[in-house]
Amino acid sequence: MEDKTGALLTAQMRHATQLISTQIGSLEARVVHQTALIHQRLTLLEEQIRDHETRLRAAAEGVAQFKIFSGLASGGSGLMSLVALLKAFFGG
């Protein structure tokens, strides 16, 4: 009777061990999958940040160039207005 009880307990313990091993394997697979997803998302976000920074720098450079061009154009028209005023004043 003791041999049957021991064999039954051994079989139950093996079954429980197999269930736990299967569950651990499943959890490990989930962790690997989640890690891969997180890595992919992080890589995508880093690429988007770099692209966004590049676009901001290009926009800032364009604004600076426009300000310079606008300032030169404004200064040139102001200078021409001054020349026209002097010309009109001196009767040229």
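This structure is a prediction, so every number in the text was calculated from the model and none was measured.
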Quiz item: Going by distance alone, is a donor N or O of one side chain under 3.5 Å from an acceptor N or O of the other, for Thr43 and His39?
Solution: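 His39 and Thr43 do have a side-chain donor-acceptor pair below 3.5 Å.
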Which distance, rounded to the nearest 0.5 Å, do you find between the [atom1] of [X] and the [atom2] of [Y]?
| X | Y | atom1 | atom2 | answer |
| --- | --- | --- | --- | --- |
| Ile20 | Ile24 | CD1 | CD1 | 6.5 Å |
| Phe90 | Leu85 | CZ | CG | 9.5 Å |
| Ile49 | Leu44 | CD1 | CG | 10.0 Å |
| Arg50 | Leu45 | CZ | CG | 11.0 Å |
| Ser77 | Leu82 | OG | CG | 11.5 Å |

Quiz item: With a cut-off of 6.0 Å (strictly less than), are more than 12 heavy atoms of other residues, nucleotides or ligands near CD of Glu53?
Solution: yes
Practice problem: Given side-chain contact (heavy atoms from CB on, under 4.5 Å), test Gln12 with Leu9 step by step and report yes or no. | Solution: CA-CA 5 Å; Gln12 287 176 345; Leu9 286 174; 3.8 Å; yes
Self-check item: Residue that, paired with Asp51, satisfies side-chain contact (heavy atoms from CB on, under 4.5 Å) out of Arg55, Glu47, Gln48
Solution: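 Exactly one option meets the side-chain contact (heavy atoms from CB on, under 4.5 Å) with Asp51, and it is Arg55.
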Quiz prompt | His33: side-chain hydrogen bond (donor to acceptor under 3.5 Å, both in side chains) partners, not counting sequence neighbours | solution =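 For His33 there are no side-chain hydrogen bond (donor to acceptor under 3.5 Å, both in side chains) partners, ignoring immediate neighbours.
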Exercise. List the steps, then state whether side-chain contact (heavy atoms from CB on, under 4.5 Å) holds for Lys67 with Val63.
Key: CA-CA 6 Å; Lys67 282 184 177 181; Val63 168; 4.1 Å; yes
Practice problem: Scan for side-chain hydrogen bond (donor to acceptor under 3.5 Å, both in side chains) pairs involving residues 14-23, sequence neighbours excluded, and state none if there are none. | Solution: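 Listed by first then second residue: nothing to list.
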